[in-house]
Amino acid sequence: MLLSLTFPPKYRHRTTTALPPLLLKLCFSPSTAHQCHSLSAEELTFPTDPDATARLLSNCLSSDRHSDVLSILRRTPPCRAAVFYWNNLIKRSVSLQDQRNALHLFDEMRSLKWIPDEYTYPYVLKACGDLSVLVTGASVHGLALISGFTNSNVFVDNATIAMYGRCGANDKARQLFDEMLKRGVFDTISWNSIISIYVQSGDFRRALRMFEEMVSRGDIMLRADAVSLVNVLPACASAKSWRSGMEMHGYAIRRGLLEDVFVGNAIVDMYAKCGLMDGAKNVFDRMEMKDVVSWNALVTGYSQFGKFDDALGLFERMREKGIELNVVTWSAVIAGYAQRGLGYEALDVFREMIVSRSQPNAVTLVSVLSACAAVGALVQGKETHCYVIKEFLNLKGNDPGDEMMVINGLIDMYAKCKIFGIARAMFNSIEWKDRSVVTWTVMIGGYAQHGEASDALELFCEMVSNKCRIMPNGFTISCALVACARLGALRLGKEIHTYALRNRYEEAMLFISNCLIDMYAKSGDVDAARAVFNNMYHRNAVSWTSIMTGYGLHGRGEEALQIFEGMRKAGLAVDGVTFVVVLYACSHSGMVGKGLDYFNNMRNDFGIVPEVEHYACMVDLLGRAGRLNEAMKLIKDMPMQPNPIIWVALLSGCRLHGNVEIGEHAVNKLLELNFENDGLYTLLSNIYASARRWKDAAKIRLLMKNSGIRKRPGCSWVQGKKGTATFFVGDKSHPMTKEIYNLLDDLIYRIKIMGYVPETSFALHDVDDEEKGDLLLEHSEKLALAYGILTTAPGLPIRITKNLRVCGDCHTAFTYISRIVEHEIILRDSSRFHHFKNGSCSCKGYW
DNA sequence: GTAGGGTTAG
């Protein structure tokens with residue numbers, strides 16, 4: 001129909017039955033001729049005059065009627081002169097990012113017996129490269145080879161190299177490049193292509209070497225141009241080789257290439273990524289032509305090297321100057337806030353972005369979600385989820401990888417807001433094949449960090465099982481180790497340690513090792529933690545503080561302080577966190593004098609102002625040592641408002657030393673702060689019970705009952721040969737219950753002879769002492785110990801973990817029992833580790 | 001041919 005409108009009327013009644021001689025000559029096969037004969041009546045209006053066809057094609061092309069061009073080509077017998085029009089259609093398709101269509105056009109033209117020329121191949125090869133279809137690309141390469149274009153036309157060869165590069169066949173690309181070098185037929189583009197391949201595949205060193213070789217050849221015909229620099233500068237940036245970058249900067253000045261805004265931008269970016277912000281700023285200031293990319297490069301440089309204020313200043317200047325902000329600018333600022341944990345500020349910027357009608361993309365949304373995750377802003381996170389559904393997901397032209405990233409961001413956000421139900425449902429709804437390592441990792445990490453450590457490990461095991469066979473990355477390993485640390489899952493932690501060593505996680509080894517230190521220390525084996533620490537190539541402040549915390553946890557304060565001195569000698573910056581750890585180690589080791597010294601001198605000697613956490617450590621330290629009045633005085637003299645942690649620390653001290661008066665004070669303060677939990681009431685009730693104030697203890701229990709607060713049940717677990725056995729108070733569900741209780745009876749009988757007297761105040765119940773002794777017998781840690789003794793080979797340590805603080809009576813009983821069993825008993829409670837051996841405990845009373 | 005993003009440790 002269209003055709004009939006565009007044809008000049010004089011051709012209307014001509015038919016194609018009799019082809020003019022020229023066209024006949026150019027017909028390649030009878031089949032095409034046959035097609036010409038089988039046109040419908042309407043289509044018979046097609047011009048038979050080749051000149052008229054050429055004019056018509058030219059007209060259609062110049063008036064952008066591309067579908068008409070195609071229709072005409074389909075009806076025109078193949079001819080060399082008109083291949084140009086096919087090329088044009090293919091080129092257009094490629095530039096419109098419709099690579100599939102480009103390949104279809106190529107197929108169609110060949111099936112119609114047209115012969116592609118030296119201009120066709122580069123476009124088609126580019127389409128193959130963009131689609132990363134190696135097999136198709138190689139067959140196109142083969143066609144070009146038979147047709148005689150390969151090895152004779154530098155454009156086709158360059159395009160072939162680029163195609164192989166995009167398909168990941170770097171060796172093949174290099175082979176072709178080397179052949180071109182041998183023949184002496186190459187140009188700057190050939191070099192740029194091969195260098196670009198190395199940059200894309202992350203082989204920055206080789207890319208830089210190739211660039212140097214290119215420049216040092218001194219070939220007048222082969223000059224590195226703006227494209228070469230723009231190609232290779234990101235390699236300097238990624239490899240952090242600012243020396244090469246500076247040489248390129250010099251080269252750009254010598255060759256007058258700095259005027260190219262792309263080159264200028266690439267140099268600014270190179271300096272910024274190498275952390276040389278002054279260099280970046282200098283180049284930026286001297287650039288005559290700047291665009292939004294120049295600004296963005298500088299803004300992100302400042303943001304990523306901790307100079308976020310400078311980044312924000314630039315952002316403001318951009319706005320003052322009326323520079324049109326693009327999605328990258330907005331995203332960079334949002335991400336900057338999010339990374340610093342300033343989630344609400346990030347959300348404000350996002351709101352502004354929407355108001356200014358900038359269209360957020362995947363990167364923006366991911367940053368916004370990470371902002372929500374950082375501050376646990378569930379409502380805003382859900383709003384963002386709605387936005388994602390309405391404005392982003394299933395949008396035409398979305399990159400599936402981008403969609404996946406946003407979904408990962410959503411899962412992470414829900415998990416960090418502790419909405420595991422939604423997070424897990426989203427995770428489950430993703431098809432197996434679509435789940436990436438990151439998808440698994442955000443889910444595992446979410447569980448691990450927010451108290452669902454066993455779910456984390458279950459998922460981790462599923463991920464690496466034969467069913468899934470997903471290779472965890474460094475992040476995954478770290479998350480799994482965090483979960484092990486939480487559970488004290490030494491056995492699995494060790495397995496993961498071996499796995500990490502076997503599978504070479506070099507680039508993540510700092511993180512993994514730091515997690516390993518923490519895992520070993522929190523699983524009771526601080527010496528293994530120390531071994532990991534000693535074997536590290538690189539250590540950072542976290543490594544030092546982790547091993548210090550480990551020693552602190554185990555009451556090995558002297559060693560912790562030695563580590564602290566080592567850290568200072570190694571020239572590492574000491575910060576507030578370091579001092580929290582130092583004071584913590586002192587308090588768990590009863591080193592009151594040392595702790596006071598450090599606390600009193602930290603401001604003068606290290607310039608660190610004590611914050612509320614440091615005061616909490618001091619209250620804990622004095623409280624554990626029974627110096628409760630001093631602790632009270634410290635709280636009174638604090639320059640800031642005491643927070644619940646301070647009062648809980650004081651209350652624990654009161655429990656340990658039976659101080660009713662100060663304990664009541666602490667509880668009142670906690671209630672004023674609306675801090676209520678089961679632990680608080682249990683502590684107070686314990687304090688009353690130990691002072692034999694049964695009525696008050698009963699009152700508290702009644703209060704708990706009436707206000708619906710239930711004491712979290714004590715729960716202990718022990719790692720046996722056949723996995724982990726868990727015990728609650730009075731638990732009789734274990735298959736070995738009979739043996740366990742028999743052994744306990746026997747042990748208690750024997751330690752009573754040695755002088756053990758049940759400390760009945762720890763049984764909350766208001767019953768006579770004989771019966772209380774029985775209730776004490778049923779404490780979960782005692783059950784776990786008996787099970788441990790029954791299932792552990794003599795000489796090996798028994799590792800028990802308790803969810804709450806260990807009970808005082810159990811502590812005494814364990815001390816006695818450690819004299820008669822051939823095991824070291826390592827008990828981890830919610831506060832610290834106790835190593836019972838030969839009738840003494842490592843905590844030396846400071847528990 | 002340049003700029004931005006998700007998951008890890010004290």
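Proteins come first, then strands; the chains are lettered A, B, ... in the order of their sequence lines, and each starts at number 1.
For the 3.5 Å distance criterion, the side chains of A:N265 and A:D260 fail to qualify, holding no donor opposite an acceptor.
Contact check, A:K273 against B:dT2: no side-chain N or O comes under 4.0 Å of OP1 or OP2. Distances shorter than 4.0 Å separate none of the side-chain N or O atoms of A:Q449 from OP1 or OP2 on B:dT7. The side chain of A:Q339 places no N or O atom within less than 4.0 Å of a non-bridging phosphate oxygen (OP1 or OP2) of B:dG4.
Across all strands, A:G409 comes closer than 4.0 Å to no nucleic acid atom at all (heavy-atom distances). Note on A:A272: nothing from the nucleic acid sits closer than 4.0 angstrom, heavy atoms only. Here A:D269 lies in heavy-atom contact (under 4.0 Å) with sugar-phosphate atoms only. Residue contacts shown for A:V366 are limited to sugar-phosphate atoms, with no base heavy atom under 4.0 Å away. No engagement by A:K290 is indicated, since no non-hydrogen atom pair under 4.0 Å with the nucleic acid exists. At a threshold of 4.0 angstrom between heavy atoms, the contacts of A:A541 include nucleobase atoms, whether or not backbone atoms are also involved. Here A:K416 lies in heavy-atom contact (under 4.0 Å) with sugar-phosphate atoms only. Among the atoms of the strands shown, none is found under 4.0 Å from any heavy atom of A:E507.
Under 3.5 Å, the side chain of A:N540 and the base of B:dG10 form no donor-acceptor pair of N or O atoms. Within 3.5 Å, no donor on the side chain of A:S546 pairs with an acceptor on the base of B:dG10, nor the reverse. On a pure distance criterion of 3.5 Å, a polar donor-acceptor pair joins the side chain of A:D260 and the base of B:dG1. Judged by atom type and distance alone, A:N361 reaches the base of B:dG4 through a side-chain donor-acceptor pair under 3.5 Å.
Residues that satisfy the salt bridge (Lys or Arg N to Asp or Glu O under 4.0 Å) test with A:E247, not counting sequence neighbours, are absent from this structure. Applying the salt bridge (Lys or Arg N to Asp or Glu O under 4.0 Å) criterion to A:E324, with sequence neighbours excluded, gives no partner residue. Legend: residues meeting side-chain contact (heavy atoms from CB on, under 4.5 Å) with A:S190, ordered by chain and number and at least two apart, are A:V154, A:N158, A:F177, A:M180, A:F186, A:D187. For A:D203, the salt bridge (Lys or Arg N to Asp or Glu O under 4.0 Å) criterion is met by A:R206, not counting sequence neighbours.
Distance alone, capped at 3.5 Å, places no donor-acceptor pair between the A:R530 side chain and the A:I547 backbone.
In this structure, the nucleotide among B:dT2, B:dG4, B:dT7 sitting nearest to the side chain of A:V442 is B:dT7. The A:N265 side chain lies nearest to B:dT2 when the options are B:dT2, B:dG10, B:dG5. Comparing B:dT7, B:dG5, B:dG10 against the side chain of A:M405 picks out B:dG5 as the nearest. Nearest nucleotide to the A:V542 side chain, out of B:dA9, B:dG4, B:dT7: B:dA9.
B:dG1 has its base stacked against the ring of A:F262, the centroids being under 5.5 angstrom apart at an interplanar angle below 30°.
For the side-chain contact (heavy atoms from CB on, under 4.5 Å) with A:Y337, the lone residue among A:V368, A:D348, A:L312 that qualifies is A:L312.
For DNA chain B, the neighbouring residues in residues 571-582 of chain A, judged by any heavy atom under 4.0 Å, are A:D575, A:V577.
Applying the salt bridge (charged side-chain N to carboxylate O under 4.0 Å, His left out) test to residues at least two apart or on different chains, the pairs with a partner in residues 282-292 of chain A are A:K281-A:D285.
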